[in-house]
Every structure is written in C-alpha cells, then in structure tokens.
There are 2 protein chains.
Amino acid sequence: MRLTERKIAATLRQHGYKLTPQRRSVIRTIASSQDHLTPAAIYQKVHQDQPSIGLVTIYRTLDILAKLELICELHAGGSCHSYTIGARGHHHHLICSNCGEVIDFAGYDLTQLEQRLSRQTGFEIEGHLLEFIGLCQNCQQEDD
Amino acid sequence: MRLTERKIAATLRQHGYKLTPQRRSVIRTIASSQDHLTPAAIYQKVHQDQPSIGLVTIYRTLDILAKLELICELHAGGSCHSYTIGARGHHHHLICSNCGEVIDFAGYDLTQLEQRLSRQTGFEIEGHLLEFIGLCQNCQQEDD
DNA sequence: ATATAAATGATAATATTTTTCATTTACAAC
DNA sequence: GTTGTAAATGAAAAATATTATCATTTATAT
C-alpha cells in the first residue's frame, strides 16, 4: 500500500520540517504519479502548480523525503558511474558505504523469483540488480 | 573468479573492436583494482600511463566494456535520479527498460541472505537494492 | 501580532556526460 | 614491410545534472 500525501505531510511535521506549499506540491506530484520521476520531471510538473519554484527546492525536498524513507530512490539503469571488473559467473555485490570496498558474492539464485514475477506481470525480464550496502569491519570501528 | 586482462582483450577483438593502448590501459586499471572506480578515478589512474588520453575515451571504453559485460556497473548509492512514492512495508521494484513503468512487488525476504553475508564478511549491513529490469507487456509488442 | 529559525529562489559554481570533427592509428590485405 | 580504410582518439564545446551561497521570504510557535 502506497503512502498517502497526508501521511507524508504528517511525518515531515513530526520530524520538525515545515510544510510549505512547495513541499506539498512536490509530494502531491510524486504521490499521484504511477511512474518514477526524475528531479527534472518533478520540477516540470510542480512548476505548473508553483510557477516560481526553483529546481533547487526540488532537490532539497527530495533529499529530505528520501532520508525519511517517504520516497524510494530507483536506479533505472544507465549511468551510475562506478565499475569493477566482471567476474566470471553470476554474482552480486556487497558495498561498504563508507570506504567503498566491494565484495562479490555468488551462490544466490534469483531465478525462481524472476520466474514468479514474469508469470505475474507478463514482463520479459532481462536482468536484475542486487546489492547490499553496509559498513565493512574497518569502517565500523572508525565510527565508534 | 575475476576476468583477466587477457580474456577481456580477446573478447574485445572477437567483437571487432580494436585493441588500442588506451583501451588496454583502461582494462588494466580496472582489472588491477580491488575497488570499484568512477570514470573520473579511472581517468586519473590511466592518465599516469597514457598522459594524452582524454576523459571521453574513458567513457567510450567503459560503454563498450559494459555492453559486452566485461565490467560491472555498480550503483553505489547516492544520486540516481528517479523517485517514486514510498510504499508501506518493504518491497522491491520491477522496471520496464523501455517505458519506465515501475511495478512494486513485496513478499520477498532477503533477511536470511543478509545474515549469511553479515556472518561471512563482518559487514554491518544497512540496506539493499533489489530491482528487476525487463520489458513490460506493451513494450514487448512494440519491439516485434 | 510577532519573533525566529527554517525555507525559498536567484545566481553562480561545479561536476558529469555527450557531441562534433579533424587527426591519428590498428589492423587486414596485399 | 606498405598501404588503404574504417575505427578510434583528443580537443573543444555543448549539454546536462547537481550543489553552494546568500539575501529575502515564510511557516509556525508563542
């Protein structure tokens, strides 16, 4: 079940953020869209409602909403700027959010889930992205 | 097992790409690094070897290597520019690579895997990213 | 109504990626 | 080894995306 505009607004307030017309409009735009939207797309839509809004406000609002986990950030393929050498065979990654260390792990099979999704949605599934983010041992100590 | 520089070079040739010193250097850099590297980081390293190389060549080489699946593209968190409203409860996404349609799905639990990884690596896992990419039914038809 | 900290928008700066095009080069054919 | 050719490169600029700065405005508690 998707979060409602009301619920999002309330959570913002609870965390001490002010509820401005601009923020309301950003929330309404995202909440009423079926698709995922880029900051620029959100700006365009919100701009109809709030002609004086700046793109900066969009970015700031998205940052807050993402931090509070009221919106989801998607990785829609394409350009996410980090590369490692390919490993033979299928594998996934575990990445340290602090130092960037990457550990490959294998032996986890998503085929069944993939088939289930394909059957349920009619999608022809081309691939997937599975990553874990966390703190490696070194970085845990530094944070203490 | 990670791909070797040799293997990557051979695959490039097999696909009709020329093996230039610049490309060799990019491959060597990525292959010899433990971390994942941004294009800018790769450029810096390669530049020591090939002082005249341009950043453009890095981008072009990365595109080719990624297309041939010789390197992995990582999403290291941060700014990947697409947002949807948060759903209540934990869920993941299925995204159409053509039209961008997003389907949320729930009921898939990664806790066990998370615990296994945590035990094996000592990571303190903060979160994960699981997405499937594919073609929705509409877009499959258009592509025929 | 008022005080105040937070939020906004304008502007500029920075960072990232792509395009264009003249020059150079890898490599296949001889 | 030469040579021809398509492919690749680098320089420069353009396009795109994101962040920083700061004076002004505003939501909200009192």
Side-chain angles (χ1 to χ4, degrees), chain A residues 5-6 8-29 36-68 70-71 73-83, chain B residues 6 8-29 36-68 70-71 73-83 100:
Chain A
E5 207 180 316
R6 257 178 62 86
I8 292 176
T11 308
L12 264 194
R13 298 292 306 276
Q14 278 164 29
H15 284 81
Y17 292 103
K18 291 180 180 174
L19 204 48
T20 63
Q22 292 90 339
R23 287 179 178 169
R24 279 180 195 282
S25 186
V26 169
I27 295 168
R28 189 177 318 123
T29 298
H36 55 126
L37 300 170
T38 61
I42 294 167
Y43 173 71
Q44 283 198 333
K45 283 174 185 270
V46 169
H47 191 258
Q48 295 168 10
D49 195 42
Q50 299 282 331
S52 73
I53 201 173
L55 187 51
V56 208
T57 300
I58 307 288
Y59 278 105
R60 285 187 285 228
T61 306
L62 292 175
D63 281 350
I64 294 167
L65 295 176
K67 198 181 313 170
L68 297 178
L70 297 169
I71 59 176
E73 222 176 30
L74 289 195
H75 170 70
S79 42
C80 261
H81 346 308
S82 251
Y83 300 88
Chain B
R6 259 178 62 86
I8 292 176
T11 309
L12 264 194
R13 299 291 307 274
Q14 278 164 29
H15 285 82
Y17 293 102
K18 292 180 180 172
L19 205 47
T20 64
Q22 292 89 339
R23 284 178 181 168
R24 280 181 195 281
S25 185
V26 170
I27 293 168
R28 187 176 321 124
T29 298
H36 54 125
L37 300 170
T38 61
I42 294 167
Y43 173 71
Q44 284 198 333
K45 283 173 184 273
V46 170
H47 191 259
Q48 295 168 10
D49 196 42
Q50 299 282 330
S52 72
I53 201 172
L55 188 51
V56 209
T57 299
I58 307 289
Y59 277 104
R60 285 188 285 226
T61 305
L62 291 174
D63 282 349
I64 294 167
L65 295 175
K67 200 183 308 169
L68 297 178
L70 297 170
I71 57 176
E73 223 176 29
L74 289 195
H75 170 69
S79 42
C80 261
H81 346 308
S82 249
Y83 299 88

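Labels below follow one simple rule: chain letters A, B, ... track the order of the sequence lines, proteins then strands, and each chain is numbered from 1.
- No side-chain heavy atom of B:His15 sits less than 4.5 Å from a side-chain heavy atom of B:Ile64.
- When the side-chain nitrogen and oxygen atoms of A:Arg60 are compared with OP1 and OP2 of D:dT21, none of them lie within a distance under 4.0 Å.
- One atom, OH of A:Tyr43, and another, C1' of D:dT19, lie 16 Å apart when rounded to the nearest Å.
- Contact annotation for B:Arg23: backbone-only contact, meaning every heavy-atom pair under 4.0 Å involves sugar-phosphate atoms and none involves a base.
- Side-chain contact between B:Leu12 and B:Leu65 is present, with heavy atoms from C-beta onward closer than 4.5 Å.
- Side-chain N or O atoms of A:Arg13 include none that pairs as donor or acceptor with a backbone N or O of A:Leu19 at under 3.5 Å.
- Across all strands shown, B:Pro51 has no heavy atoms under 4.0 Å from either base or sugar-phosphate atoms.
- Annotation for B:Gly54 and B:Tyr43: closest pair C-CE1, 3.8 Å, computed over non-hydrogen atoms.
- Whole-Å rounding puts the A:Leu55 CG to C:dT11 C1' distance at 13 Å.
- Taking both residues in full, the closest heavy atoms of B:Lys18 and B:Arg23 are given as O-NH1, 2.8 Å, listed atom of the first, atom of the second, then distance.
- For the pair A:Gln50 CD and C:dT8 P, the computed distance is 10 Å after rounding to whole Å.
- For the pair B:Thr20 and C:dT25, the criterion of a side-chain N or O lying under 4.0 Å from OP1 or OP2 is not met.
- Nucleic acid contact class of A:Arg24 (heavy atoms, under 4.0 Å, all strands): none.
- Within the structure, every side-chain polar atom (N or O) of B:Arg13 is placed at least 4.0 Å from both OP1 and OP2 of D:dA7.
- Within the 4.0 Å cut-off from OP1 or OP2 of D:dT9, not a single side-chain nitrogen or oxygen of B:Ser52 is found.
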(message) As a check on the pairing definition, encode DNA chain D in dot-bracket form, counting Watson-Crick and G-U wobble pairs whose two distances are under 3.5 Å, and using | for partners outside this strand.
(response) ||||||||||||||||||||||||||||||

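- You'll find the side chain of A:Lys45 reaches within 4.5 Å of the side chain of A:Leu37, heavy atoms only.
- Tested against A:Ser25, the residues A:Thr61, A:Asp49, A:Thr20 include a single side-chain hydrogen bond (donor to acceptor under 3.5 Å, both in side chains) partner, A:Asp49.
- Taking side-chain N and O atoms only, A:Gln22 has no distance below 4.0 Å to OP1 or OP2 of D:dA27.
- Rounded to an integer number of Å, the gap from OH of B:Tyr59 to P of D:dT9 is 16 Å.
- Whole-Å rounding puts the B:Ile58 CD1 to D:dA11 C1' distance at 15 Å.
- Checking D:dA6, D:dG10, D:dT18 against the side-chain heavy atoms of B:Lys18 singles out D:dA6 as nearest.
- Atom-to-atom, CG of B:Asp63 to P of C:dT17 comes out at 10 Å; the value is rounded to the nearest Å.
- Rounding to whole angstrom units, CG of residue A:Leu62 and P of D:dT19 are separated by 11 Å.
- Considering only heavy atoms from C-beta on, B:Leu68 comes within 4.5 Å of B:Tyr17 through its side chain.
- In this structure, A:Leu12 places its CG atom 12 Å from C1' of C:dA7, rounding to the nearest Å.
- Projected onto DNA chain C by closest heavy-atom contact, A:Thr61 and A:Val56 fall at different nucleotides, the more 5' of which corresponds to A:Thr61.
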